[in-house]
Structure formats: C-alpha cells, structure tokens
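Hydrogens, waters and symmetry mates are skipped; everything else that's a heavy atom, side chains included, is used.
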Amino acid sequence: MTEPVNRTILLFDIEKFGQRDDVEQTFMRRMLHTVVEDTLTAAGVEPTAQHREDRGDCVMALISPEIAKPRLLRALLTQTPTLLHADNRLAAASAQVRLRIVVASGEVALHPQPGTLGGAVGHDLNQAFRLLDAEPLRAALRERSEQSVLCVSDSVYQGVVRHGHPGLRPEEFHEISVRTKEGSLTGWLCGPVPAGHEQPEQEPPQAATKQAATTRATTAEAATTEAATAEAAVTEAAAAGTPVPGSGPVFAFNGGSPSFGGGLAGGDQHGVSGGQVTGDVVMGGKTEIFHMAPAGPAHASGEIPRTELERLDALYADGPGFTSALERLRAERVLVLSGGHFTGRRAAALMLLHRLGAGAVRALDPDTSPTDLRDQLTGAPGYVLCDLATTRTRPLRDNHLLAAREKLGADGHLVITVAPGAFLDGVGPVPWEPPPPADVLRAHLRGLVGAADAEKLLELAPVQDFLGHRHQLREVAGFAAEAARYGREGTGLDELAAYSQSAVESQVQEWLGDAELRLLDKAFLISLAVFDEAPYALTAELGDLLYVFLQETQHPDAGPEIPVFGTSAADRLQLARGRVYRKDEATEWGPVPQRMAAFQDPRTALLLLREVWTGHPSARPAVVRWIRRLAADGRPLVRTRAAALAATLAASDLPSTMALVIQGWAGAPRYRDRLTAAGALTLAHYLGTPAVPRILHSWCTGHDDRRRWTAIRGYALLGPTFPAEALDALRTAARRPDIEEHETDHLADAAELLLLSDTGGAVLAELVGDLTDTPKAVRELALRSFLRAARRTEDDDGRPLLLAWYERATGEHTEDDRHLAALWRAALADRTHTTAALETLRDWVRGADTDPGAERALAALLPALAVTSADQQRLGHLLRTLSGADGGPPPPVAARLLTTFTSAH
C-alpha cells in the first residue's frame with residue numbers, strides 16, 4: 001500500500017441507474033465518462049494529476065493537491081450542467097443522465113491487488129461516499145429540475161467555499177447532517193435543502209433498536225395469527241369442497257372437459273383443445289379457476305333493421321370516393337374500406353350495401369378471426385364487418401377474401417372496415433375520405449327539416465362558425481339535430497352557438513377520462529397542447545419526458561419504461577386530431593425547415609391544459625416537475641412555452657399555480673427562472689387572470705430581492721397596460737436605501753419600455769414631473785430611462801425613436817416636443833449624465849448626415865435645447881468638434897446644424 005496523500009476527492013453517481021436495461025446503461029456510462037472527462041479538462045486537470053476509477057454507475061476521481069479546488073468547483077458549477085444538458089438533448093428520454101456529485105478532500109492511499117483494478121482506501125474517502133449516498137442529496141436531485149446536484153464536505157466548505165472565491169457563492173450552500181454508524185457527518189448542499197431533510201436522516205441507535213424489537217414482536221404475532229387463520233380456512237374448505245385462496249396451486253374446472261395443449265403461457269393462447277384462451281394464463285401459488293367452454297368459434301352477429309338503413313340513407317352525404325368504391329364492390333363483391341376513426345366508415349359501408357340493393361345486411365363481430373370469416377357468411381345478401389381486429393400474427397390475407405367471395409356467391413356482398421394501421425397481406429384496401437362537414441350538415445338538415453329550412457339554417461352565424469372548425473362527423477350529426485330543434489322551435493340559439501366549443505370540451509374529457517387510452521398517449525396530447533405549432537420531434541421528446549413523470553407518480557415503485565420506437569407520428573396525430581406541416585423555424589443560425597405539429601382546432605390546446613390542471617389534480621405533481629424541467633431547458637422556445645403553460649394554468653387556478661410554480665421561479669437564484677416567472681405573469685394577465693398587477697406591486701415594493709427583480713421585469717413587459725401604477729411601483733423600488741447598481745439598471749430598463757410603449761405620452765409627462773421636487777433616486781430613474789430610450793433606433797441603422805417622436809410632435813397639438821426637450825436639457829446639465837447625453841447627441845447628428853428628415857428634426861430640436869448661454873456653449877462645442885464615424889473628418893451636417901443653431905440665437 002502506498003503512503004496516504006492528501007487529495008481532492010471527486011465522485012459522480014448516476015440517478016436510478018439500476019432501473020435501466022443493459023443497452024441504456026451502456027449508453028449512460030459512456031455519457032458519464034464523457035462528462036467527467038470534459039469537466040476535468042475544463043478545470044485544467046491533466047491526466048497525470050488524477051487517479052480515476054470506474055465503479056459502474058459511479059466514477060471516482062482523486063485529484064492532485066496541486067489543482068486549486070476553486071477552479072474545480074467552478075467547472076462543476078458551470079461546465080458540468082452545460083455538458084449534461086448538451087448530451088441529454090441528444091439522448092432518449094429513457095437514457096437521460098442526472099448526477100449526484102460530491103467534492104471532498106482528505107488522506108487517500110492506493111492499495112491495488114493483483115488481478116484487480118482500483119484499490120483506493122481511506123477514512124475520508126469512505127465519508128465522501130456516505131455523503132454521495134445520503135438521502136438529502138438524493139431528494140434534492142429528485143425534486144429539482146436541474147440535471148445535477150453538488151454537495152461538498154465540511155472541510156471543503158470551511159477551507160474553500162465559505163471564503164467566497166471568484167465564482168463561488170457561500171450563501172448558495174446549505175448545511176446538511178447525515179447520520180452514519182460512526183456518528184453524524186456534515187455536508188454542504190448547493191441549493192435549497194429538500195423539505196424534511198434539515199435534521200439527521202436516521203434515528204439514534206437506541207431508538208432504532210427499540211423499533212426493531214417492536215417490529216420483530218409484531219411480525220411474530222402476525223405470523224402466528226396468519227397460520228391459525230390459514231389452518232381454519234383449509235379445514236373449512238375441505239368440508240365445503242371449495243378452493244382455498246393462497247393455500248397453494250388449486251385448480252377448479254367449471255364445466256367442459258379440461259385439456260391442455262401448446263406450451264405458451266402469456267398473451268392470447270391458441271391450440272387449447274381446439275379453442276382459444278384470450279389473455280394471460282398465470283400459474284403460481286394461487287387458486288386458478290378455468291371456465292371451459294365448448295370448442296369452436298362463437299361470434300356475435302345480427303341483422304341491421306331495414307328502417308335504420310332507410311333512415312341513414314335519408315341523411316347520408318356521399319364522400320369523394322363513394323362512387324368508385326361502389327363500382328369496385330359491385331365488381332368484386334368483397335371490399336376492404338380503410339380510414340380513420342370517426343370518419344364515417346361504418347355509415348359508408350352500410351350505404352354501399354344499401355345502394356347495391358342488399359335487402360338485409362348482417363353485422364359481423366369485429367373479433368371474428370380472418371380465418372373464421374368464411375364460416376360467418378350464412379346466406380344473407382349483405383354483410384358488414386366494422387373495425388376488424390388484426391395483428392401482426394393474424395393479418396387479413398387475400399386468401400381470406402377469396403374464400404369469403406366464394407362463399408357469398410353471385411348475389412352476396414361484404415364490406416370490411418379497418419383502421420389505416422391494420423395488418424393486411426396481399427389485400428388492396430380502398431382509402432376512405434369522409435365527405436366535407438358542410439355536405440354532411442346539409443344532408444342531415446334536409447332530412448330533418450326539409451330543403452328550404454335547411455338552407456336558412458345554414459346561413460345562421462352559429463352554423464357558419466361551427467363549420468369554420470374541423471369537427472368530426474359524429475359532432476356534425478349532433479350539431480345538425482340541435483340546429484333542427486332550433487329551426488322547429490325557434491329557441492336555443494345560445495346552445496347552438498356554444499355547441500362547437502362544447503364538442504371540443506367533450507373530446508378533451510374523453511381523452512383524459514378514457515381508462516383504455518395509454519398514459520403515453522395522454523402525455524403526448526398534453527405535450528402537443530403546450531407545443532402546439534412547434535416541431536413534432538420536440539413535442540414527442542418532451543411528451544416522453546412527461547410520460548416518465550406521470551409513470552413515477554402513478555407507479556412510484558416501478559421504473560419508467562418508454563418504447564424507443566413506439567407509436568408512429570401519423571397514429572399519434574390521428575388520435576390527437578392534429579395536422580403536420582412544413583415550416584421554417586427561426587433559429588440563431590437562420591431559418592431551419594421543420595416538420596411542425598398542431599391541433600386542427602386551435603381551441604383544443606387551451607381546453608386540454610385547463611382540464612388537466614383543474615379536472616385531474618392527481619396529475620399535478622408530475623405536471624409541476626415537467627414545467628420546472630421545461631423552464632430549465634437550454635432551448636428558448638421550450639422556456640417560452642413553459643411560461644405560456646404556467647400562464648394558462650394560472651388563468652384556471654391562480655393560487656395553486658403561484659404556490660407550485662411561479663413563486664418558485666420568482667425567488668430562484670437564476671435570472672433565467674425569474675424571467676420565466678415575469679413572462680408567465682404577463683401572459684396570465686393577458687389571459688384575463690385577476691390580481692397580477694397586485695402581485696407585481698407587492699413584489700416590487702417588498703423586501704425579497706429576487707421577487708423584486710422579477711416584478712421589475714414584469715412591469716417592463718406588462719407596464720403599458722397600466723402605466724401609472726407601473727411607474728409608481730418603479731419609483732417606490734428606486735427609493736429603497738439598499739438598492740444595488742444592477743437593480744437600478746433594471747428599473748431604468750423597465751421605465752424605458754414604458755416610455756417607448758403606446759402609452760409613452762403619459763409616461764413622458766410623468767418623467768418630466770420627476771425632474772423637480774422629487775427624491776434624487778426618482779430623478780435618476782427618469783434620466784436613466786430617458787437616455788436609454790434615446791439610444792433606440794427604428795432598426796439597426798435607422799432614425800432614433802425619440803427623434804422621430806419629436807418630429808411628429810412638432811406638427812401635433814401636444815406637449816410631447818416640449819417634454820422631450822426638457823428631458824434633454826436636464827440630462828445635458830446633470831453632471832452624472834452629461835457625458836452619456838453628449839455622446840448620444842453626437843450619434844444623432846452623425847446619423848442625420850445621410851437622413852434629411854432627421855436633420856430637419858434636429859434643426860428644430862437644437863434651438864429648444866439652447867436656452868441658456870451655458871447650453872449654447874455646450875452644443876456649439878459639440879458641433880464644432882464633432883468627428884465623423886471611426887474618427888474621420890467632421891460630417892457636413894454638423895456645420896449646417898451649427899448655422900441653423902446660431903441663427904436662432
């Protein structure tokens with residue numbers, strides 16, 4: 001064994017590594033080693049200055065004491081999260097790497113053994129691993145949206161972190177205490193400590209011993225009771241001749257002849273005494289009850305009443321492919337119609353048979369096996385089999401149709417409807433496209449109220465509005481009945497107007513309330529609601545992430561499973577009643593072509609999100625985790641949609657959304673989170689959410705620095721809707737004695753946006769009033785915001801916005817031109833701002849050299865600024881000494897403006 005050497009101990013551990021399969025673990029390990037390698041490289045750790053060991057889901061690095069710990073900590077706080085985010089963006093949702101990281105220091109010796117790798121030993125190393133495995137660290141990673149958490153040992157905190165070296169903020173590290181078998185261990189967690197973990201994790205040894213003794217006594221008593229109960233149950237069951245649940249394998253056969261064949265237990269069972277067992281057969285230490293039925297197919301079918309066919313014919317509108325499908329059925333006698341759900345496939349099938357003159361039509365059981373299809377044809381002139389169930393191992397083949405055609409004879413006809421994804425082998429289906437909703441509505445109304453009244457109803461505004469949305473045919477039929485009732489009774493116009501949105505609400509409730517619809521599909525629907533009209537790949541990726549969170553909420557003891565190659569995009573969008581289209585996405589690299597996805601009805605997104613938040617509160621924990629992850633994403637589009645999602649939820653339930661989402665962002669240490677909070681409140685206000693102005697005012701005038709910053713940004717975005725209140729709150733914040741320089745800049749930014757908004761005239765007058773008889777901080781706010789606005793131009797090289805404003809004001813009956821001049825004179829005369837004001841004015845003059853309109857405006861403005869002799873001297877000196885761009889010769893406009901200026905005085 002080598003002599004112990006003081007080293008920096010660095011540990012990385014992957015969260016939930018054991019819940020992944022081998023392929024995912026291999027990928028995640030590769031990503032872990034890449035992140036570790038790049039982090040150490042960023043910290044300047046050469047290979048010769050480190051000893052690294054691979055421990056499966058963990059990497060240990062022992063760093064030479066020559067490497068400064070602040071440099072290593074800075075890399076862990078800045079580079080590691082960036083590296084993780086970049087790699088996780090390209091990884092499947094099931095292979096996302098999230099890390100617990102520990103930095104410690106102490107004496108470590110190397111004790112390698114022949115034939116093995118590694119061999120680092122030392123008490124300090126053991127303590128570092130105990131910190132890595134501590135529950136507070138696990139809980140912190142579990143509850144946060146970040147992809148890593150960092151904890152340092154007490155020695156590292158006391159010796160490095162608490163001294164506040166560049167890039168290290170001691171106030172962001174919080175003490176945690178971990179109970180070990182050797183006593184209490186102190187660590188320092190970066191970021192807030194999870195609730196419930198401020199105290200030691202485990203009970204004292206005495207309490208644990210007492211609890212263990214109590215548990216053993218309770219277990220022994222329960223075992224004795226259970227044994228006695230089981231013995232009594234067996235005795236009673238033996239007398240009654242009934243099976244005993246839980247008493248071992250017991251088989252009870254109720255009727256039929258028990259016979260077993262085949263060898264597969266799981267899934268649909270074939271070859272069981274000539275019949276079929278549907279579902280899984282599970283054999284274990286439980287009672288198995290088999291209900292044996294006679295072998296052979298037994299399918300439900302029945303004749304469709306002729307009155308139903310005639311009623312349908314009176315309301316039916318032919319689709320675009322109906323005529324060609326009718327001719328093909330007439331010629332081939334067997335037709336497979338392929339189309340999506342709720343597209344009118346069944347009605348089309350029935351009408352095809354009815355138009356061919358089939359006097360009687362029998363409906364066959366959709367669970368009919370393709371091999372049994374021929375046997376179900378018993379002599380009727382027409383058959384319809386809707387939504388035939390096919391699988392990869394049980395496809396519909398062409399020989400099945402040949403056998404059916406032979407059985408039908410010359411006068412029989414069969415129409416089979418299948419979904420677009422049906423398994424077909426050698427079968428050419430007829431694609432079914434539904435008729436336009438307007439045609440269906442007209443046909444229904446004519447059948448219900450007559451042709452003349454139908455045309456009148458079609459002209460109603462609620463009817464036109466309904467047809468302006470993409471509704472399914474079942475919704476069109478329901479709307480037709482409602483419109484016909486209005487036509488007959490003359491009442492119910494409001495209900496008719498509300499029918500369209502009610503149909504969308506019903507669809508949303510159907511999706512979320514359908515116990516048969518997969519959780520994965522529901523997660524995609526929610527993701528599409530948030531990322532409506534965004535790239536499909538992004539929507540699917542983040543929908544899978546939500547699916548993980550929903551799974552962990554619904555089944556906390558089971559690891560989440562995501563099918564890497566699951567449902568196709570076409571099937572997902574068909575379920576969502578969505579559409580896909582090509583569009584260029586604006587990126588930092590320029591326009592990039594993308595495949596976008598959106599709901600066909602734009603109302604669906606908002607209604608779906610409201611239903612999730614208010615109608616299914618059990619989903620809130622998963623949704624909140626998801627929102628936090630979206631807000632922490634590196635992509636601006638994702639963060640923007642996170643704010644929009646929070647705003648939508650706030651419009652439905654403000655108190656809950658504030659408590660669970662927005663207040664956390666507003667008080668977060670990262671500017672990015674606080675910007676998201678400000679954006680969310682802004683959008684919530686525009687959605688009609690009450691109390692947003694009161695929230696901003698409370699935060700802006702409060703004592704919480706982070707919330708105050710958030711409110712200031714909120715006023716910058718939202719202030720133009722209530723400028724007086726916004727400006728008053730900004731003044732109050734500016735007067736705080738403990739305000740910092742960077743916060744003063746943010747206040748000026750917010751006031752600048754108010755000045756340049758549509759309510760700028762009122763704000764301008766307020767700023768002029770702040771120049772006199774006000775505290776110095778308020779005057780400072782007015783001048784800072786004015787000069788910032790003075791630097792803004794119509795575009796990158798265009799005319800200054802305030803100069804264009806002044807030019808307009810000189811021709812209008814307002815006092816804006818006088819107010820602008822007053823602010824200019826105050827800024828030029830204020831020693832704090834004279835330099836900045838003169839430099840801005842120089843830029844205005846240089847720009848006027850190629851802009852005659854700007855020159856005219858300056859010729860009118862400069863005399864208004866030269867009120868005193870000091871003003872005249874200052875402006876004259878500026879024009880005489882003005883250099884051209886990049887230090888070139890004076891621009892000719894300076895001399896012209898000087899002439900105009902001196903002639904006015």
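Applying the ring-ring contact (aromatic ring centres under 6.0 Å, His included) definition to pairs two or more places apart or across chains, none involves residues 366-395. Annotation: salt bridge (charged side-chain N to carboxylate O under 4.0 Å, His left out) contacts involving residues 314-328, sequence neighbours excluded, comprise D318-R355, E327-R330, R328-E332. Residue pairs meeting the salt bridge (charged side-chain N to carboxylate O under 4.0 Å, His left out) criterion with at least one partner in residues 568-578, sequence neighbours excluded, are E475-R577, D544-R572.
Taking CG from L377 and CG from L364, the interatomic distance works out to 6.5 Å, rounded to the nearest 0.5 Å. Between the CG atom in L350 and the OH atom in Y316 there is a gap of 9.5 Å [rounded to 0.5 Å]. The distance from atom CG of D521 to atom CG of L575, rounded to the nearest 0.5 Å, is 5.5 Å. Here the CZ-CZ distance, from F531 to R641, works out to 7.0 Å after rounding to the nearest 0.5 Å. A distance of 13.0 Å separates CD in Q19 from CD1 in I14, rounded to the nearest 0.5 Å. Here the NE2-CG distance, from H354 to L356, works out to 10.5 Å after rounding to the nearest 0.5 Å.
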For this session: Please assess E611 against H616 for the test side chain to side chain contact (heavy atoms under 4.5 Å, CB included), listing each intermediate value before the final yes or no.
Result: CA-CA 7 Å; E611 178 65 18; H616 300 269; 3.7 Å; yes

For this session: Could you walk me through whether D313 and E310 pass the side chain to side chain contact (heavy atoms under 4.5 Å, CB included) test, one step at a time?
Result: CA-CA 5 Å; D313 192 21; E310 292 173 349; 5.5 Å; no

Problem set entry | side-chain hydrogen bond (donor to acceptor under 3.5 Å, both in side chains) between R603 and S500, worked out | CA-CA 10 Å; R603 299 170 298 180; S500 179; 2.7 Å; yes

Exercise. So L329 and L353, side chain to side chain contact (heavy atoms under 4.5 Å, CB included) or not? Walk me through it.
Worked result: CA-CA 9 Å; L329 177 61; L353 294 168; 4.2 Å; yes

For this session: Determine, stepwise, if the pair L373 / L385 fulfils side chain to side chain contact (heavy atoms under 4.5 Å, CB included).
Result: CA-CA 10 Å; L373 180 59; L385 200 168; 3.6 Å; yes

Exercise. Given the rule in the salt bridge (charged side-chain N to carboxylate O under 4.0 Å, His left out) test, do R346 and E308 qualify, once you have shown the distances and angles that lead to the verdict?
Worked result: CA-CA 13 Å; R346 178 181 182 275; E308 179 181 338; 3.4 Å; yes

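Using a 4.5 Å cut-off on side-chain heavy atoms (C-beta onward), L542 and W626 make contact. Proximity of E533 to Y581: side-chain heavy atoms (C-beta onward) are separated by under 4.5 Å at one or more points. When side chains are defined from C-beta on, R595 counts as touching R582, because their heavy atoms get closer than 4.5 Å. Side chains of L525 and L608 form a contact here, defined as non-hydrogen atoms less than 4.5 Å apart. Using a 4.5 Å heavy-atom cutoff, the side chains of P366 and L388 are not in contact. Between D375 and T368, the closest side-chain pair of non-hydrogen atoms is not below 4.5 Å. Side-chain contact between V504 and Q507 is absent, with no heavy atoms from C-beta onward closer than 4.5 Å. Using a 4.5 Å cut-off on side-chain heavy atoms (C-beta onward), V548 and E552 make contact.
Without hydrogens or angle criteria, T390 side chain to L396 main chain gives no donor-acceptor distance under 3.5 Å. No donor-acceptor distance shorter than 3.5 angstrom exists from the side chain of R98 to the backbone of E15, with no hydrogens or angles considered. Of the possible donor and acceptor atoms, none in the side chain of W511 sits under 3.5 Å from a partner among the backbone N and O of A576. Between the R345 side chain and the C386 main chain, no donor and acceptor come within less than 3.5 Å of each other. A donor-acceptor pair is defined here as one N or O able to donate and one able to accept, closer than 3.5 Å; no such pair exists between the side chain of T539 and the backbone of L528. K522 contributes a side-chain N or O that, together with a main-chain N or O of D514, makes up a donor-acceptor pair within less than 3.5 Å. Here the side chain of R392 pairs no donor or acceptor atom with the backbone of F423 at under 3.5 angstrom. Judged by distance alone, with hydrogens and angles left aside, the side-chain atoms of R20 form a donor-acceptor pair with the main-chain N or O of K16 at under 3.5 Å.
Minimum interatomic distance between L637 and A534 (heavy atoms only, all atoms of both residues): CD2-CB, 4.3 Å. Contact record, G339 with P420: O-CD, 3.3 Å, taken as the closest heavy-atom pair. Minimum heavy-atom separation, H444 to A477: NE2-CB, 3.8 Å. For the pair S618 and T553, the tightest heavy-atom approach, listed with the atom from each and the gap, is O-CG2, 3.8 Å. Residue V449 comes nearest to A484 through the heavy atom pair CG1-CB, 3.7 Å, listed as atom of the first residue, atom of the second, then distance.
When the ring pair (Phe, Tyr, Trp, His ring centres under 6.0 Å) test is applied to F599, no partner is found at least two apart in sequence or on another chain. Looking at residues two or more places apart in sequence or on another chain, you find no ring pair (Phe, Tyr, Trp, His ring centres under 6.0 Å) involving F549. Checked against side-chain hydrogen bond (donor to acceptor under 3.5 Å, both in side chains), R405 has no partners two or more places apart in sequence or in another chain. Partners of Y499 under the ring pair (Phe, Tyr, Trp, His ring centres under 6.0 Å) rule, at least two apart in sequence or in another chain, are F479. Listed by chain and residue number, nothing satisfies the side-chain hydrogen bond (donor to acceptor under 3.5 Å, both in side chains) test with H555 (two or more places apart in sequence, or in another chain). Every residue meeting the side-chain hydrogen bond (donor to acceptor under 3.5 Å, both in side chains) condition with R485, not counting sequence neighbours, appears here in chain and number order: E482, E489. Partners of Q25 by side-chain hydrogen bond (donor to acceptor under 3.5 Å, both in side chains), not counting sequence neighbours: none found.
Judged by distance alone, the side chains of S94 and E24 do bring a donor and an acceptor atom under 3.5 Å apart. At a cut-off of 3.5 Å, with distance as the only test, no side-chain donor of R362 or T378 sits close to an acceptor on the other residue.
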Donor-acceptor contacts under 3.5 Å from residues 410-419 side chains, at least two apart:
from, atom 1, to, atom 2, distance (Å)
T417, OG1, D387, N, 2.9

List the atom pairs, with distances to 0.1 Å, where a side-chain N or O of residues 424-442 and a protein N or O form a donor-acceptor pair under 3.5 Å, not counting sequence neighbours.
from, atom 1, to, atom 2, distance (Å)
D425, OD2, R397, NH1, 2.4
W432, NE1, T343, O, 3.0
R442, NE, E455, OE2, 3.0

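Counting heavy-atom neighbours within 6.0 Å of R470 CZ, excluding the residue itself, gives a total of 12 or less.
R635 has no carboxylate O lying under 4.0 Å from a charged side-chain N of E585, or vice versa, which leaves the two without a salt bridge.
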